[in-house]
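To start, the structure under review is shown below, and the notes come after it.
Throughout, a chain's letter reflects where its sequence line sits, starting with A, and its residues are numbered from 1.
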2 protein chains.
Amino acid sequence: MNLKDLADLLGLSPTTVSRALNGFPEVAEATRKRVEEAAQLHHYRPNTQAKRLATGRAMAIGHVIPLCSQHEIVNPVFADFIAGAGEVYAREGYDMVLISVPVEDHAQAYRELRAKRNVDGVIVHAPRAGDGRIALLHELGLPFVVHGRASGVDLPYAYVDVNNARAFERATNFLLDLGHRRIALLNGVEGMDFALRRQRGFARAFAARGLEPDPSLMIAGEMTEAQGHDAACDMLRRADPPTAFITASLLSAVGVRRGLWELGLRMGRDVSILTHDDELGYFRNGAEEPIFTATRASVREAGRRCASLLLDMIATPDMATDMAPATQLMEAVLVLGASTGPAPDRSVPPMTTAQGLPL
Amino acid sequence: MNLKDLADLLGLSPTTVSRALNGFPEVAEATRKRVEEAAQLHHYRPNTQAKRLATGRAMAIGHVIPLCSQHEIVNPVFADFIAGAGEVYAREGYDMVLISVPVEDHAQAYRELRAKRNVDGVIVHAPRAGDGRIALLHELGLPFVVHGRASGVDLPYAYVDVNNARAFERATNFLLDLGHRRIALLNGVEGMDFALRRQRGFARAFAARGLEPDPSLMIAGEMTEAQGHDAACDMLRRADPPTAFITASLLSAVGVRRGLWELGLRMGRDVSILTHDDELGYFRNGAEEPIFTATRASVREAGRRCASLLLDMIATPDMATDMAPATQLMEAVLVLGASTGPAPDRSVPPMTTAQGLPL
DNA sequence: TTGAAAGCGTTACCAT
DNA sequence: ATGGTAACGCTTTCAA
């Protein structure tokens, strides 16, 4: 059942039927009703490909996943981001196309994407510092929104990001206020923009007090349970162990926690742990809540915002030139709960949400 | 730059250019060469939408994600599966379209998918026992491959699955052989087919020795770290605690392990833990390796196989009627390593791969 | 070996 | 308010 069949059936022209179904104002109300009923009855659905060809819009958004054989796609955060974005696309009638690209040939892949015209825009995942994709997409004139940012890229571009630097600065300050001086930072893979910003915030807190973090307590790598465990065991066995850990993901924190147990130490008494839940701006003390669940709402929200932003940009092309209002920085939220287990010697007071802080 | 432009440029007809580029045998070798060079030079890429409309093939596969507000999409396994499938699609020139559907209206969603013709086939994720989607897709005549199976569905259908029942039967037997009688099963969400099969295997091992598992030691739920932790703490504090745990995911196992530490117990000495890594058929003792990494290769492979299978089915439509050779059952692999920490009283011998076992 | 022309199922412009 | 017709950019059939 296509448009013509339906039109013939109704004794109308395809034009009128199309107009009726697409809500054009000039069609008579009685006609519209008749058309809609017939469409319903015969389960008519316009052929996507034909529509796309005729309108010149792909009605699809590409999510390009850098496939460096390792991280990112395995990141559970990714799945929730996708879920959030998917909500928006579904509502707006867009398809979400996943495109995994071996990191080697960005350029080629994006060019093809552009030339083949099968997406109207692109979400850029996992930006690195100085990420070349931004300049490339600019050059190609393909609308895009970055999930995160890319330090060192001077071009204007739309993004949705968490305030990673401030979040880690506050977390570090919190620990410094409690008297900690030897604080370990378990960060994400070097080169990733978010990791860079987190490190900056960490260093800034020290610098503000004329202090310096110990470089040997700062490590970068995959944010796995093993990373946390190994780092904790290694660092805590040294002559001058850290008294606190800040980790870039809940998984790492779980690992640190396991390390503590193995060494007979107690979280909140012997060692403090602050966890930043992947790209979300949540911190908490330890991992007394289920892994992943706490963060999901926020990542979903980020996905939703990225998608909406991009669809807006596509709808109003001139918006692309005036990028400033399109960028969104989700302020990090600090949620520091009491630690679990036996009452800690040094209790951890709840901290309020960081609202309206300047960037 | 479209086909006509290129043709004009070359002084050829669009027909010939199209033929040259699509490898038709009748075009002169010299012409083909000339066309290919010009195409390269001018970065010509056929318009996807036009091609799709003309050929009637969407050149896209849909991955429908049941969005029950909770599980599945958060499942990190999903991301790797997608990566594997993505490899195949990229190679074959297919797009991967992600479609998240609120569980309520399957039927409607699949019907639309079919009517709009924007995918050539579908991968069914997270099948439940008696999953209605299989009958629906059959009825719609939309090619599909299931990742997993659906107990109680009598229709023939193509799937790629792990031998969950046998994997859990073997794991249970392994523990029973060691003398364990009170074995806890920390399973996935009730209703999911894979969880059902795992439970069946577990029960089968007991039944084969005329034994019965204690129902109070069998729980079903989200496979999170918290699930494992809470279950471990709860069960181990009882009057007759389990001496071993079998968990349906590595995350749960990490939780159990944390529970042990908190209660002052040692893995491998006081309590054994066997972990089944999500849908992969890997078992191991504890979690001494990084979470998620061990499983990745297998899930990717499953993704690859599902995708290839579906593309084959699409290429040769008659294959759909003869489904038997299309199904693939990946035999579960048992990898039981030595436990970490101080030498356990009861050492855990390495177990070889299960190969060529009957279903 | 090449080309002209007719689709593919829409939308959009210009009449009426 | 409705209809004829020309795009959209490709593939495919039929001639030459």
Any donor-acceptor pair under 3.5 Å from Thr55(A) side chain to Lys51(A) backbone: yes
Would you mind checking if [Y] and [X] are paired as a salt bridge, meaning a charged N to carboxylate O distance below 4.0 Å?
X         : Y         : answer
Asp95(A)  : Arg52(A)  : yes
Glu29(A)  : Arg32(A)  : yes
Glu301(B) : Arg304(B) : yes

Just by protein heavy atoms under 4.0 Å, how would nucleotides 2-10 of chain D read 5' to 3' in B, S and -? BBBB--BBB
Taking the side chain as everything from C-beta on, heavy atoms only, tell me whether Leu310(B) gets closer than 4.5 Å to Ile123(B). yes
Any side-chain heavy-atom pair from Leu137(B) and Tyr157(B) closer than 4.5 angstrom? no
Name each donor-acceptor pair under 3.5 Å that joins a side chain in residues 59-67 of chain A to protein atoms two or more places apart or in another chain, with its distance.
residue	atom	partner	partner atom	Å
His63(A)	ND1	His125(A)	NE2	2.9
His63(A)	NE2	Tyr89(A)	OH	2.9

Can you pull the contact range of chain A along DNA chain C, 5' to 3', using atoms under 4.0 angstrom from its heavy atoms? dG9(C) to dC13(C)
